[in-house]
Number of protein chains: 2
Amino acid sequence: MKLSTKGRYGLKAMYDLAIHFGDGPIALKNIAERQRISDHYLEQLVATLRKAGLVKSVRGAQGGYMLANEPKDITVGDIIRTLEGPLGPSECVLEDDPTMCHNADCCVTRIVWEKIRISISDVIDSITLQDMVDDYYKIKNKGNYMYYI
Amino acid sequence: MKLSTKGRYGLKAMYDLAIHFGDGPIALKNIAERQRISDHYLEQLVATLRKAGLVKSVRGAQGGYMLANEPKDITVGDIIRTLEGPLGPSECVLEDDPTMCHNADCCVTRIVWEKIRISISDVIDSITLQDMVDDYYKIKNKGNYMYYI
DNA sequence: TTTAATTCCAAGTAAAATGATTGGAATTCA
DNA sequence: TGAATTCCAATCATTTTACTTGGAATTAAA
């Protein structure tokens with residue numbers, strides 16, 4: 001019941017971009033260093049995020065990535081779903097395209113999975129990158145050492 | 001972000017035992033048939049549940065398994081945690097024994113994982129096997145065909 | 001115009017996890 | 001005594017995960 005590194009690294013990278021929102025293109029190498037992620041691996045995740053329209057890229061020297069929208073308009077759910085696919089603790093309750101169990105209408109365990117799915121969705125859809133940026137400044141102003149992580 | 005078959009089959013089996021609570025030992029073969037699970041595989045899951053004190057066994061012919069406590073006193077969380085280990089979307093927020101990240105006190109993404117973990121815990125700890133049995137009879141009384149699934 | 005920095009793209013790969021299967025010993029009821 | 005059952009240990013094929021490797025294309029700066 002864990003997220004893979006796709007979702008976890010992906011959110012870290014998007015959060016990093018949110019912290020630097022408005023600063024022009026940010027090179028992947030720098031994000032990978034700050035977040036301590038293999039840059040070639042992160043490249044694959046960011047490619048997925050770019051194809052989904054969550055980030056924009058600038059090629060060539062001095063190039064890099066930027067959020068495609070304001071941090072307040074990107075939710076954790078957008079990012080995790082893009083990288084991990086439709087969410088749900090079981091096939092039969094996946095968002096979008098549940099592999100329909102032929103007993104779905106009378107399956108009691110399915111009711112449990114559905115409740116779990118909804119509770120996860122509620123959380124990740126309610127948190128935006130801006131919320132995370134706000135958290136960052138809150139912690140920073142308390143005097144904690146921070147480095148965009 | 002899916003549960004493995006351990007948690008999913010395990011809950012189905014425990015629900016099946018809850019439906020038959022008070023009927024004496026239920027053979028694994030019958031549970032496996034009803035829930036359409038490999039019986040040898042289910043055996044391993046039930047062994048884990050037995051060691052955790054959630055089910056009791058009776059060996060020999062006419063033997064089988066029974067819930068160790070009343071359905072109202074066993075939660076979905078008890079079952080899932082026994083079979084899947086401590087819950088959490090990331091190592092750093094696992095219940096019990098989080099593999100402590102050295103940046104935990106200033107990690108903003110960790111706040112997100114923690115919220116997800118709590119929302120899942122809230123759901124699974126609030127549902128008992130008795131709730132599932134109640135759901136079963138509710139659906140059954142509406143006239144739906146049901147077979148303990 | 002060259003060079004360095006970067007994104008973009010496609011494969012390959014080692015290790016771990018998943019979801020079992022196989023085979024048999026021990027126990028108990030009929 | 002035999003059939004039904006739990007108990008136990010090992011093995012295994014497949015898939016997934018988390019990368020690595022290698023290089024082409026693009027662009028800013030020297």
Side-chain angles (χ1 to χ4, degrees), chain A residues 1-13 16-17 20 23-33 35-68 80 83-85 89-91 99, chain B residues 1-13 16-17 20 23-33 35-68 80 83-86 89-91 94 99:
Chain A
M1 199 59 177
K2 275 208 282 287
L3 285 169
S4 72
T5 52
K6 286 180 194 168
R8 288 186 282 127
Y9 293 177
L11 182 61
K12 276 184 178 257
D16 194 290
L17 287 177
H20 294 96
D23 297 354
I26 308 293
L28 210 58
K29 211 181 70 176
N30 297 329
I31 300 177
E33 251 169 37
Q35 307 298 332
R36 297 192 181 87
I37 301 170
S38 146
D39 54 351
H40 258 299
Y41 184 48
L42 185 54
E43 200 176 280
Q44 293 172 38
L45 309 183
V46 172
T48 305
L49 294 167
R50 181 174 53 80
K51 283 164 198 160
L54 292 175
V55 303
K56 288 183 299 187
S57 65
V58 177
R59 298 188 69 171
Q62 264 44 50
Y65 293 91
M66 292 166 288
L67 294 185
I80 292 182
L83 293 167
E84 304 261 348
S90 172
E91 287 285 339
T99 302
Chain B
M1 198 60 177
K2 276 208 282 286
L3 285 168
S4 71
T5 52
K6 287 179 194 168
R8 289 186 282 127
Y9 293 178
L11 182 61
K12 276 184 179 257
D16 194 290
L17 287 176
H20 294 97
D23 297 353
I26 309 293
L28 209 58
K29 210 181 67 174
N30 298 329
I31 300 176
E33 252 170 37
Q35 306 298 332
R36 295 190 183 87
I37 301 170
S38 145
D39 54 350
H40 258 298
Y41 183 49
L42 185 55
E43 200 176 280
Q44 295 171 42
L45 309 183
V46 173
T48 304
L49 293 167
R50 182 175 53 79
K51 282 165 198 158
L54 291 175
V55 302
K56 290 182 298 188
S57 65
V58 177
R59 299 188 68 171
Q62 263 48 45
Y65 294 90
M66 291 166 288
L67 294 184
I80 292 182
L83 293 167
E84 303 261 347
S90 171
E91 287 286 339
L94 285 187
T99 303

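Computed from a predicted model, the values in this text were never measured in an experiment. Lettering of chains follows the sequences in order, A, B, ..., and the numbering in each one begins at 1.
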### Query
Closest heavy-atom contact between B:His20 and B:Ile26?
CB-CD1, 3.6 Å
### Summary
Taken in chain and number order and not counting sequence neighbours, the residues that satisfy side chain to side chain contact (heavy atoms under 4.5 Å, CB included) with A:Ala32 are A:Asp39, A:Leu42
### Task
Can you sort out the partners of B:Glu84 under side chain to side chain contact (heavy atoms under 4.5 Å, CB included), two or more places apart, ordered by chain and number?
B:Leu3, B:Ser4, B:Lys6, B:Ile80
#### Entry: Close side-chain approach of A:Met1 to B:Pro89, heavy-atom, < 4.5 Å
no
### Message
List the residues meeting salt bridge (charged side-chain N to carboxylate O under 4.0 Å, His left out) with B:Lys2, not counting sequence neighbours, and say none if there are none.
### Response
A:Glu91
### Task
List in numerical order all residues of residues 47-66 of chain B for which some heavy atom is under 4.0 Å away from an atom belonging to DNA chain C.
B:Arg59, B:Gly60, B:Ala61
### Query
Which atom pair, heavy atoms only, marks the closest approach of A:Met66 to A:Val58?
CE-CG2, 3.6 Å
#### Entry: Rounded distance (Å) that lies between atom P of D:dC8 and atom CG of B:Leu28
14 Å
#### Entry: Protein-nucleotide distance (A:Leu42, atom CG; C:dT6, atom P), rounded to Å
14 Å
### Task
Report the distance from atom CD1 of A:Ile26 to atom P of C:dA5, rounded to the nearest whole Å.
17 Å
### Query
How would you list, by chain and number, every residue that makes a side chain to side chain donor-acceptor pair (under 3.5 Å) with B:Ser57, sequence neighbours excluded?
none
### Query
In whole angstroms, how far is the P atom of D:dA18 from the CG atom of A:Leu83?
12 Å
#### Entry: Between B:Ser38 and B:Tyr9: side-chain donor-acceptor atoms closer than 3.5 Å
no
### Task
Can you check each nucleotide of nucleotides 13-23 of chain C against protein heavy atoms at under 4.0 Å and return B for base, S for sugar-phosphate only, - for none, in 5' to 3' order?
------BBBBB
